[in-house]
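Below is one structure, written out as structure tokens, with a few remarks after it.
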Amino acid sequence: MVISRFDREEVVRGVMAHNHFINLQNHFVNFHHTTQPDHMAAVNDGGVNQPAKHQEVGHKSLLQSDALYQYILETSVYPREPAPMKELREVTAKHPWNLMTTSADEGQFLNMLLKLINAKNTMEIGVYTGYSLLSTALALPDDGKILAMDINRENYEIGLPIIQKAGVAHKIDFREGPALPLLDQMIQDKEFHGSFDFIFVDADKDNYLNYHKRLIDLVKIGGVIGYDNTLWNGSLVAPPDAPLRKYVRYYRDFVLELNKALAADPRVEICQLPVGDGITLCRRIS
């Protein structure tokens, strides 16, 4: 995830307010009205209510129940999480911008998806410390390739030693800098058209549509593009006077525009899933 318009201090403040965004969802939906608000969600331990354990900085879940999300993590995600991914997740949790990381359940989902579609040549726009990148690299065959782009190499190098230790660094071609100029170069070369099996976008939301205009030519017919954060903290259904952070309110309109455009794009089949902060899969059909 890349924040392009607001300084990093704003993102850090957003980390502290993130759970508040999730709590607001209880007011935006008309079902699960008996569920405890997220900030009150608890697990019962000997009759004593305790805060749900997953309320760590940077967690992402659109579920109405923190306890249910914790159940998913502890039952299905953490026991199957590869050791390198666990190590990187724990390292990233100590970083001040950890809100930008991919959630563990979404990392597991991406890993499974890549195996299901037998992906070999992939692209990732927006890397951060590389949790989703590592998930992808572990899923690809030994000769698989990932073209990874991010404006901040320093963040990528936080996770690089773990990626190297996992034995998958040779699959990654990391490019530092804005993605659009590189995509424009690739569009000019017919060799890249239809050459990618899977593309994952977790970057600047105000450029998602610009990415889509280019990526639709680079992904193969039958290939998949995944756009992250397409439910944007649940803010898409927030009332106009909802107390949202500046960057959440700013990018919300771009996410709404993207969702509308993808739903109307005849070149792709789409499926929007409430995994992590929302991910929309687009399968190119023409």
Side-chain angles (χ1 to χ4, degrees), residues 1 15 18-19 22 38 41 43 50-63 65-120 122 124 126-142 144 146 148 150 155-172 174 197-202 224 226-229 231 273-279 281:
M1 174 179 173
V15 169
H18 177 71
N19 281 345
I22 301 298
D38 285 350
V43 291
Q50 298 178 343
K53 297 178 183 177
H54 87 282
Q55 287 201 355
E56 61 208 34
V57 175
H59 101 79
K60 297 179 181 179
S61 173
L62 294 169
L63 289 174
S65 167
D66 279 5
L68 181 58
Y69 184 60
Q70 184 67 22
Y71 170 81
I72 293 172
L73 292 177
E74 293 187 353
T75 303
S76 301
V77 179
Y78 292 157
R80 293 298 190 98
E81 185 179 33
M85 291 182 64
K86 178 182 179 182
E87 182 180 359
L88 182 50
R89 174 170 56 82
E90 292 175 345
V91 168
T92 302
K94 301 173 184 177
H95 194 270
W97 311 327
N98 60 18
L99 179 63
M100 294 163 57
T101 193
T102 299
S103 63
D105 53 322
E106 185 175 12
Q108 183 186 61
F109 170 75
L110 291 173
N111 185 275
M112 174 72 78
L113 174 64
L114 287 159
K115 293 174 181 175
L116 289 172
I117 66 175
N118 295 314
K120 186 174 181 179
T122 71
E124 181 162 330
V127 172
Y128 185 42
T129 61
Y131 187 81
S132 58
L133 184 64
L134 178 56
S135 176
T136 298
L138 289 171
L140 298 184
D142 191 62
I146 312 167
D150 198 287
N155 288 337
Y156 168 62
E157 290 180 346
I158 293 173
L160 183 56
I162 299 171
I163 293 172
Q164 292 171 331
K165 186 168 62 174
V168 293
H170 66 282
K171 302 178 186 180
I172 300 169
F174 180 83
D197 304 310
F198 180 77
I199 301 173
F200 183 58
V201 184
D202 184 9
V224 176
Y227 291 101
D228 200 24
N229 304 112
L231 293 176
L273 300 170
V275 176
D277 192 29
I279 181 172
L281 302 179

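Remember, it's a predicted structure, so these values are computed and weren't measured experimentally.
Evaluated for a side chain to side chain contact (heavy atoms under 4.5 Å, CB included) with Leu133, the options Val168, Leu160, Asp202, Val127 yield exactly one hit, Val127. If you run side chain to side chain contact (heavy atoms under 4.5 Å, CB included) between Ile163 and each of Ile172, Thr129, Leu138, only Ile172 comes through.
Looking at Thr101 and His95, their side chains never come closer than 4.5 Å, going by heavy atoms from C-beta outward. Counting only heavy atoms from C-beta outward, the side chains of Glu106 and Ser132 never approach each other to under 4.5 Å. Between Thr102 and Ser135 the shortest side-chain heavy-atom distance does not fall below 4.5 Å.
The aromatic rings of Tyr156 and Phe174 sit parallel to each other, their planes meeting at less than 30°, with 60° as the upper class boundary. Taking the six-membered ring for Trp and thresholds of 30 and 60 degrees, Phe198 and Phe200 have nearly parallel ring planes, at less than 30 degrees apart.
Contact record, Ser103 with Tyr69: CB-OH, 3.9 Å, taken as the closest heavy-atom pair. Contact record, Arg89 with Ala104: CD-CB, 4.0 Å, taken as the closest heavy-atom pair.
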- Task: Give the intermediate values and the outcome of side chain to side chain contact (heavy atoms under 4.5 Å, CB included) for residues Lys86 and Tyr78.
- Result: CA-CA 8 Å; Lys86 178 182 179 182; Tyr78 292 157; over 6 Å; no

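No side-chain donor-acceptor contact under 3.5 Å links Asn229 to the backbone of Asp277.
Asn98 and Lys94 form no side-chain donor-acceptor contact under 3.5 Å, judged by distance and modelled atom types alone.
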